[in-house]
**Q** 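Mind having a look at this structure? Questions to follow.
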Amino acid sequence: MTVQASEHDGLHIDPYEKRWIMLSIILLIVFAAAVAVSAFAFGYQVPLPEQRVNPLTITESGPFANPGLRELAPGKYEAYIVAHIWSFTPNEIRVPAGSTVTFYVTSQDVQHGFLIQGTNVNAQVLPGYVSKLTYHFKKPGTYTFVCNEYCGLGHQAMYGRVIVEAP
Ligand code: CUA
């Protein structure tokens, strides 16, 4: 390989290297566009750790002491769900079709998961943290939610359902 000085400046970039640099820049643009499209067009959301809680006292005070559904306004709900070995409390929620439900999920003991089948609601559930996810239930039906993080012997029996009733 011969090293030549560029006519314009002192930096010489090998043509092959230049091609790889261009390809890397194009890939970065494609990946950034994919993230933007999934977030804005498909509504993918990162399950943010909403707040911290003490897993030892959640059953005594705060919203998780009385878990379940709260109606904020017509068609707008909050659902507080506690995951523990090996079930969810509550394990059944009923809302009318067209409702928007914000889920607040935390664990009382070990790491669990919270996935509502057929939706983009999917979060890791850790003791000490509250995972918050919102979903708009357009169609009536039964949406099963499962624990999708291995949490011990009874893991496969850990599920519940959201029943979306026809209005
Ligand atoms: Cu809880 Cu797996």
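What you see below is based on every heavy atom in this structure, not just the backbone, and it leaves out hydrogens, waters and symmetry mates. Just so you know, ligand 1 is whichever comes first in the structure, and atom 1 is the first atom listed for that ligand. All values reported here derive from a predicted model rather than from experimental measurement.
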**Q** What atom name does the N, O or S atom of E149 nearest to atom 2 (Cu) of ligand 1 carry?
**A** O
**Q** Report yes or no: do V146 and V162 belong to one cluster of Ile/Leu/Val/Met/Phe/Trp/Tyr joined by side chain heavy-atom distances under 4.5 Å?
**A** no
**Q** With a distance cut-off below 6.0 Å to the six-membered ring centre and an angular limit of 45° from the axis, does R52 pair with Y129 as a cation-pi contact?
**A** yes
**Q** With atom 2 (Cu) of ligand 1 as the point of reference, which N/O/S atom of H155 is the closest?
**A** ND1
**Q** Look at M158 and state whether any of its N, O or S atoms is less than 2.8 Å from atom 1 (Cu) of ligand 1.
**A** yes
**Q** Is there an N/O/S atom in H112 at a distance below 2.8 Å from atom 1 (Cu) of ligand 1?
**A** yes
**Q** Quiz question: by atom type and distance under 3.5 Å, do the side chains of H84 and T89 form a donor-acceptor pair?
**A** yes
**Q** Minimum heavy-atom separation for M158 and A83, please, with both atom names.
**A** CE-CB, 3.8 Å
